[in-house]
Every structure is written in C-alpha cells, then in structure tokens.
Amino acid sequence: MTKKKENKKTEATGKKTKTENMQFPKDPGQIKGFVKRSESGTGPEKRKSAPLKTAPKKAGTEAWISEYDIHLFKEGKHYHLYKKLGSHLRTKNRKKGVQFAVWAPNASKVSVIGSFNNWDKTANPMTHRYDESGIWECFIPEAEKGSVYKYLISSRDGYTAEKGDPFAFMWEEPPKTASMVWDLETKWKDKKWLNKRNKQKGKPQPVSVYELHIGSWKRVPEEGNRSLTYLELAEQLPEYIKEMGFTHVEFMPVMEHPFYGSWGYQITGYFAPSSRYGTPQDFIKLIEALHENEIGVILDWVPSHFPSDLHGLHYYDGTYLYEHADPKKGFHPDWKSYIFNYGRNEVRSFLISNAVFWLDKYHIDGLRVDAVASMLYLDYSREDGEWIPNEYGGRENLEAISFLKEFNEVAYGEFPDIITIAEESTAWPMVSRPTYLGGLGFGMKWMMGWMHDTLEYFKKDPVHRRHHQNDITFSTTYAFTENFMLPLSHDEVVYGKQALINKMPGDEWNKFANLRSLYAYMYAHPGTKLLFMGGEFGQTSEWDHDSSLEWHLCRYPLHQQIQETLKTLNHIYKSEPALYEVSFEHTGFEWIDIHDAENSVICFIRKGKKAEESLVVICNLTPVPRENYRIGIPQNRAWKELFNSDLDKFGGSNTRNNKSLIPEDIPAHGQEQSISLTLPPMAVLYLKLE
C-alpha cells in the first residue's frame, strides 16, 4: 500500500498523462500463505456450486436480522446495515454476549476467532443463513466489549484468510489488525447545535473550512513527538478554530487505516475512527466540543477505492466480493488499490450505510467525497486497451453515477441539513445539481480550475502578470455553473509543490503581501472557502504527516500578521451578506473592470439580497501603489474602506484611504458616477457604503 499519490489526470483540465508500466495486482492466490483458488466464483457472476448446508429457520427463534433486512440488503436499499452486521453487544436467551454477522456469500465456512476463545479456529463456527443472503451469524456469550477478533474465512475453492470485520466500530491500534467489539453508547450534548443546524437548512450560509490532518496538526515533542489524542484535540482545537473564525473543520479521513502514510485515504475500517488517537467515545467528545463552539464538522469520505491489505476488504471471501474481478475495472493504477463494484447491490448498501453511519452515530455535518473524478470515468488514468467501455460504448461509469446519485438522495433524505461536497476535477456537468434535474446531487463541488489558475497566476513575477490577466478572471465565466467551494487544500503543499508562502514571488515582504492578496481575493470571489492547516500562519515548509505544523513561526510578526489577516477575512465573510448570500448565482457578482491588464488591476462588485449591502472589491496585484485611480461605482453614495490587506496590522505598508470616497459625476466603466482612490501596493481593498 502506498501514499495517496497525485492524480494522473491534470486536476484543472481533467486531461490524462500516460500511465507508465501499469502493473495489475497479483492474484491473492499467488501470495505466500494462501491457497491457490480457481478463476470462478467471483462477484455477481459467481459460478453455481453445490448448495451449502444451512440451519433451518426455527419457529419462534429470535431473529437479529429480519427477513425485511435481507430483502433490503439484496435490493441494495438497506441504508443502516451497521445496526445488523458486524459485532453487537446484546442479550440472547437471558445471556449477555456478542452477536456477530458477516457477509461472505462465497465462503464454505466461517468462524470467529478472538481473545475470548484463545483464537481457536474451531471454537465458534458461524451459521450460514437459510435465505441465500450470504450472511453468516453466531452469538458468543464469552465475548464482551473490548474483545478483539477476526473472521476465519474458508472459500469453496480452498482459499483461507483471517479477515477483519468490515462493520467493526473499533479496531486495534495499527500495526495490529484485529477488529474490536465496541459500542457507541454516549449521552450527546450537542442538541443546541443540531437545532441550530436544522433551522438554518436551505438558507444561505457562510462556509469557511479549515482542513486538518489529525495526526500532524500539533504534536507533543516531550513525549516522542506523538500526535494529540481526540481528547487533547477537544481541549485545544475548538478554541483555535473559533479564534480564527472558520465555520467548519474538515478532517482528512479519520476512518481506520493500516498505513499512516496514506493520510487515511487507504481504509480498512470504514465504520471506525482510528484508534491511534483514542476510542469512538473520545472522538465523539471532540465533535461535541466543536459543536459547542458552533463549529461544523466535515469528514473526508473515500468510496472510490480501498487497499490490498489482506485483513481488509480485498478478496474478502476468496472472491472479488467488494471489488471487480477484472483489473481493467477493479484495480486503480494510480493508487495501487481496488475499486468498489458499484453495480453490486450489497456493496451499494455497504457504502451508503457507511455514509449514513457517520451522519447518524457521530452527528457529522458534512461529507467531502474524495476522488469523484476517478469514479465517474472508466478510463481514468488508463490508456486504450486498459479499460472496458460501458454498455453503450462510452467512458462513463454508469454504475458509479447511479451510486453517487443514490448516496446524495439518501444522505439529504435522512439528514436534510447536512452538506455533501465533491472533489471532482473535470468538466462533468451538474455535479451540484439535484438528481431530479439530472445532476449528481452534491451540495457543493471543489472549484479545481480556480485553484489551478489562481496559484499559477500568483506564482508569476508581478512584472509578467499583465500578460496573464485572463488567468485571474477566467473562473467567473463558469463560477455559477455549480455550487463551488474554493479549495487551497493539502494536495497543493506536498510532493515538491512547496508551501503556499513559498509559491509567492519576490523577497520576504512581497511573499507575504502576495499571500495576503491571494487570501483576500479568495474570500471576495464567489464560492465557499477551504484552507489547509498551516496556511493560516504562512507555514514555510511543505506539509509532512510525520511532523507537527511549524507553530513556532507564530512568534514572528509577519506570520502573526497573516493569522490576523485570516481572522479578519473570516469575520468579514461571516458578517457581510454580500459575500455569501448569493454566492452560487450570477446575480451576486458583477465585474466593474477586467481590462486593466497593464496595471494588473481588477475590480468587481459582490452583491447580497439588499443593494445597500453590496461590496466593491479592488485588487492591485503588483507592488506599485496607484494614486488617483478611478473606478465606476453603482450607487451615488459615499463609500469607505472595509478591508485593506496593506494595513500595518497585517504586515503591509499602511497605504490607505482614510476619508470617505465620494462619487463624482464622471462616467467610468459603464457607470454614471465614479470615485478616485489610492490603490495600495500588492493589496486588495473591500469598499462598503457608509
């Protein structure tokens, strides 16, 4: 298993680059310690074989899994499988114990091995249900909360493996790989937050997201440089997020993953927060603490692929169960991982149940779906001959499209006040439009084109920017085709791409002035916002998942002043309706002037529902102050500076417009009135009506 690698498609354009020497996975039957299996018995097309001997249904027997559960499961419509499959503490026939249930339709026998039976392979065999669901069950009185276990699965073709529980609520801390019996019992204390969330549903809201990797946000150098626990984060993180003014925190995947260097994007325990940082109840306390401080919680969710670790989902029952058998459909060449079979009903139930689980049991406020582009296209990062067209001969993954639509319908159907966000890098239409209109149904989509063009523009020496005015203005030609989120994410500060501050040109002063201008432009641009941790204080090193953020930099003025800039921008963003009320519609934006390429100046209007709440935004993207600069103004009233990124408190030169800006009857930029003002060097101004 490897780290999450850069996509072979260019994020801004969706174009492919050649995949060099693409290697398909070896058959698990060739891996040491496993018995060679035949090529049959895979997926929905599994071969017919002699029926298994199953336990007959007995009248009056207490049913943990009902016939209706099985009906929904087979139809792919059971969205709460976590209540039935996996391990659950219960009392049966007046005995306390644990109910186990696992889906392994192609197994010849399954038993539960664990700490409660000394890992005896014969002590606790499971019973194969009578209903052809492929589910195996057993009740073990000796098992209890905290018991560790695996399923010993033998296939009909002789393949045997010890597998973790796909539905386990907790796993052993890696590198150990066993599942753990656990419950999610807790007394939630976030009713006030949930009520507020419900009242705000459907209303325009500011969304400013702080993207965070739990293991490297802050570490404890005195204790071997260990990561903070969920409980320690609960004490420190909410206060910091609230101080900085972000509305949400987005955790990179918290689900259990064996390889820390995958950043959580190679998951084995889809229903368990990583035990590296504490228990599920500890993670709940972190969420409660954030909600108490009115901070929403978004989780990265990865339904696109899973790793090859043999205790995980791969080749689960001796067949390609969760994934496709053909590597042209089931193997991901970029990440050397496996692609879910979205056409299999039981797999759809597994994935949608997982999404519902986090929204239900952990009160999560939103899911950001990773690598959506890789799901939508059958030829993603593949050359001719390396992929299989759909039934119409096209490159679209019809099963994945159907799955994504169903996921969004179910998520919003059960939790109408949450948000779903697509990391989708191509020109696929209507990603954030309702499914009844033909869209995928997401609430928002990452605006990867904006991110690419904007960073390319800001990397350039200001003397050359006059030749690239289109890079900074082009995004508004498509800004209202989707509900866009503007991301400056972790992917932009790794793999040699440099930290954001070091992408900026010039000396130290210019680097920080450019970064302040980038942030101010981002907050003024239509769309919600996302910034990766460390960017808020100008971290100078690329992100390293094995190290803490460079918090010591906050002792230095320029880094403190970048923090102050972000605090101010978040405050203005939340308090000015013009910046969020009509963020996804063209009526909320109007260009004043995009043609002054020679001076690298752009200016535009952001509009709310009330005309008097409009803001004028002026970006001077060279380090040259410009006096008596004239722009057309829509209203014949006095304007004042609301924000100036060049103020000395932000680390600038303090060039400002102290007096009221009174319109004159001098036409400019299609307006009858205009104002004359001073543009600070390398700075962004927000003007507001007095």
Side-chain angles (χ1 to χ4, degrees), residues 72 76-85 167 169 184-209 247-251 253-255 270-273 280 283-303 348-370 372 402-424 431-437 439-446 483 485 528 530 584:
L72 292 176
K77 302 298 181 183
H78 201 311
Y79 305 134
H80 301 87
L81 283 176
Y82 53 89
K83 296 180 180 179
K84 299 297 180 177
L85 298 185
F167 287 86
F169 296 151
L184 300 179
E185 294 302 317
T186 191
K187 292 183 178 180
W188 279 91
K189 302 175 183 177
D190 65 347
K191 186 176 181 179
K192 181 179 178 181
W193 166 262
L194 293 179
N195 287 339
K196 178 183 177 182
R197 194 180 83 178
N198 183 60
K199 290 178 181 178
Q200 290 178 329
K201 70 174 181 286
K203 298 178 182 178
Q205 299 174 47
V207 177
S208 175
V209 181
T247 64
H248 291 73
V249 62
E250 178 184 315
F251 292 122
V254 300
M255 299 80 178
Y270 270 79
F271 290 81
F283 185 53
I284 287 171
K285 289 187 181 299
L286 170 58
I287 296 167
E288 279 184 330
L290 289 161
H291 285 174
E292 184 179 353
N293 285 274
E294 298 190 328
I295 299 164
V297 180
I298 299 170
L299 295 187
D300 265 12
W301 186 53
V302 191
R348 291 167 74 104
S349 278
F350 169 80
L351 287 171
I352 296 176
S353 290
N354 184 241
V356 171
F357 168 79
W358 292 102
L359 301 171
D360 175 19
K361 294 299 184 181
Y362 284 92
H363 295 193
I364 296 302
D365 304 293
L367 295 172
R368 175 263 192 188
V369 183
D370 181 65
V372 171
S402 172
F403 161 73
L404 289 170
K405 290 180 177 181
E406 186 176 2
F407 149 69
N408 278 306
E409 289 170 351
V410 173
Y412 280 108
E414 295 204 19
F415 304 92
D417 50 356
I418 58 96
I419 54 175
T420 63
I421 307 162
E423 184 209 18
E424 205 286 310
V431 171
S432 58
R433 295 293 181 260
T435 58
Y436 63 81
L437 294 178
L440 294 182
F442 284 93
M444 298 179 201
K445 170 183 171 173
W446 274 20
N483 299 339
M485 172 176 280
T528 56
L530 178 139
F584 302 136

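Here the structure is a predicted model, which is why all the values come from computation and not from measurement.
Considering CG of Leu530 and CE of Met485, their distance stands at 6.0 Å, rounded to 0.5 Å. Residue Asn195 holds its CG atom at 9.5 Å from CG of Asp190, rounded to the nearest 0.5 Å. One distance of note links NZ of Lys361 with NZ of Lys83; it measures 5.5 Å at 0.5 Å rounding. Between the CD atom in Glu294 and the NZ atom in Lys196 there is a gap of 3.5 Å [rounded to 0.5 Å].
Checked for salt-bridge contact, Lys192 and Glu292 miss the test: no charged N lies under 4.0 Å from a carboxylate O. A salt bridge does not link Glu288 with Lys189: every distance from a Lys NZ or Arg NE/NH1/NH2 to an Asp or Glu carboxylate oxygen is 4.0 Å or more.
Side chain of Thr420 to backbone of Gly443: a donor-acceptor contact under 3.5 angstrom is found. A distance-only check finds a donor-acceptor pair linking the side chain of Gln205 to the backbone of Gln200 [under 3.5 Å].
With a 4.5 Å cut-off on side-chain heavy atoms, Ser349 and Leu72 do not count as touching. Side chains of Pro273 and Trp358 form a contact here, defined as non-hydrogen atoms less than 4.5 Å apart. Val207 has its side chain within reach of Met444: a pair of non-hydrogen atoms, C-beta onward, lies under 4.5 Å apart. Inter-residue side-chain proximity for Phe403 and Pro303 is flagged as met; some heavy-atom pair is nearer than 4.5 Å. The side-chain heavy atoms of Met255 and Leu299, taken from C-beta on, include a pair separated by under 4.5 Å.
Scanning all heavy atoms of the two residues, the minimum distance from Leu184 to Ile284 falls at O-CD1, 4.4 Å. Closest heavy-atom contact between Leu359 and Ile364: CD2-O, 3.4 Å. Contact detail for Glu406 and Gly76: the closest heavy-atom pair is OE2-O, 3.6 Å. Nearest heavy atom pair, residue Ile418 against residue Tyr412, reads O-CE2, 3.1 Å.
Enclosure of atom NZ in Lys285 is not indicated, since only 12 or fewer non-hydrogen atoms of other residues, nucleotides or ligands lie within 6.0 angstrom.
A perpendicular orientation is assigned to the rings of Phe357 and Tyr362, their planes being inclined by more than 60° (bins at 30° and 60°). Using cut-offs of 30° and 60° for the angle between ring planes, the Phe271 and Tyr82 rings count as tilted.
Screening Asn408, Ile421, Thr435 for a side-chain contact (heavy atoms from CB on, under 4.5 Å) with Phe442, the sole residue that qualifies is Asn408. With Asn354 as reference, Trp301 is the one residue of Tyr270, Tyr79, Trp301 to meet the side chain to side chain donor-acceptor pair (under 3.5 Å) rule.
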Checking side chain to side chain donor-acceptor pair (under 3.5 Å) for the pair His248/Asp365: CA distance, chi angles, key distance, verdict? CA-CA 9 Å; His248 291 73; Asp365 304 293; 5.9 Å; no
Checking Trp193 against Ile295 for the side-chain contact (heavy atoms from CB on, under 4.5 Å) test, could you report, in this order, the C-alpha distance in whole Å, the side-chain angles of both residues, the deciding distance, and whether it holds? CA-CA 9 Å; Trp193 166 262; Ile295 299 164; over 6 Å; no
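Applying the ring pair (Phe, Tyr, Trp, His ring centres under 6.0 Å) rule to His78 yields no partners; only residues at least two apart in sequence or on another chain are considered.
Lys201 and Asn198 share a side-chain donor-acceptor pair at under 3.5 Å.
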